[in-house]
Enquirer: 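Just passing along the structure, written as structure tokens.
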Amino acid sequence: MRIVSAEIRNFRLLADAALALEAQTTVVVGRNNSGKTSLSEIIRRLLTDSNASFKLEDFSSACYAGFCEALDARNAGAGDEAVRAALPAIELRLR
């Protein structure tokens with residue numbers, strides 16, 4: 001099996017990132033604070049940890065409004081299903 005691309009949403013600096021992987025070797029290069037560690041951490045957590053857990057700080061700052069929407073919905077008396085639908089999710093899609 002070969003991974004040809006990765007898409008990451010809502011994890012740390014990777015609010016909405018896509019990466020194409022070459023057939024032989026892929027090298028991830030970038031400035032400090034550009035998301036290199038975030039990329040390796042999301043892959044490590046979701047592919048090697050049998051029980052991956054996340055903290056609020058792991059979510060991208062771009063999705064914090066979703067947490068506010070979920071809280072507002074909860075405070076307004078919305079049901080659990082509506083509150084969960086408003087919550088952001090961390091996603092890793094590998095192809």
Enquirer: Taking NZ, NE, NH1 and NH2 as the nitrogens, is one of them in E41 or R44 under 4.0 Å from a carboxylate oxygen of the other?
Expert: yes
Enquirer: Mind checking whether Y64 and V83 sit in one hydrophobic cluster, side chains of I, L, V, M, F, W, Y counted as touching below 4.5 Å?
Expert: no
Enquirer: Let me know which of L13, I43, D16, I42 forms a side-chain contact (heavy atoms from CB on, under 4.5 Å) with I8.
Expert: I42
Enquirer: Counting distance only, does the side-chain N/O of K36 pair as donor-acceptor with the main-chain N or O of G30 below 3.5 Å?
Expert: yes
Enquirer: CG/L14 to CD1/I90 distance, rounded to the nearest 0.5 angstrom?
Expert: 10.5 Å
Enquirer: Check whether any side-chain heavy atom of R45 lies under 4.5 Å from a side-chain heavy atom of L92, and answer yes or no.
Expert: no
Enquirer: Go through the structure and list residues passing salt bridge (Lys or Arg N to Asp or Glu O under 4.0 Å) with R2, not counting sequence neighbours.
Expert: none
Enquirer: Hey, could you give me the CG/CG distance between D58 and N10, rounded to the nearest 0.5 Å?
Expert: 11.5 Å
Enquirer: Give a yes or no on whether L46 and L39 share a hydrophobic cluster (residues Ile, Leu, Val, Met, Phe, Trp, Tyr; joining criterion: side-chain heavy atoms under 4.5 Å apart).
Expert: yes
Enquirer: What is the distance from atom CG of L21 to atom CD1 of I3, rounded to the nearest 0.5 Å?
Expert: 7.0 Å
Enquirer: Under the side-chain hydrogen bond (donor to acceptor under 3.5 Å, both in side chains) test, which residues partner D80, sequence neighbours left out?
Expert: R74
Enquirer: Any chain of hydrophobic side-chain contacts (each under 4.5 Å) joining L71 to L56?
Expert: no
Enquirer: Just wondering, are more than 12 heavy atoms of other shown residues or ligands nearer than 6.0 Å to CG in N75?
Expert: yes
Enquirer: Do R95 and E7 touch side chain to side chain, with heavy atoms closer than 4.5 Å?
Expert: yes
Enquirer: Please report the closest heavy-atom contact between A15 and S60, naming both atoms and the distance.
Expert: CB-OG, 3.3 Å
Enquirer: Ring pair (Phe, Tyr, Trp, His ring centres under 6.0 Å) with F67: which residues, sequence neighbours excluded?
Expert: F59
Enquirer: Honestly curious: do L47 and V4 fall in one hydrophobic cluster under the side-chain, below-4.5 Å linking rule?
Expert: no
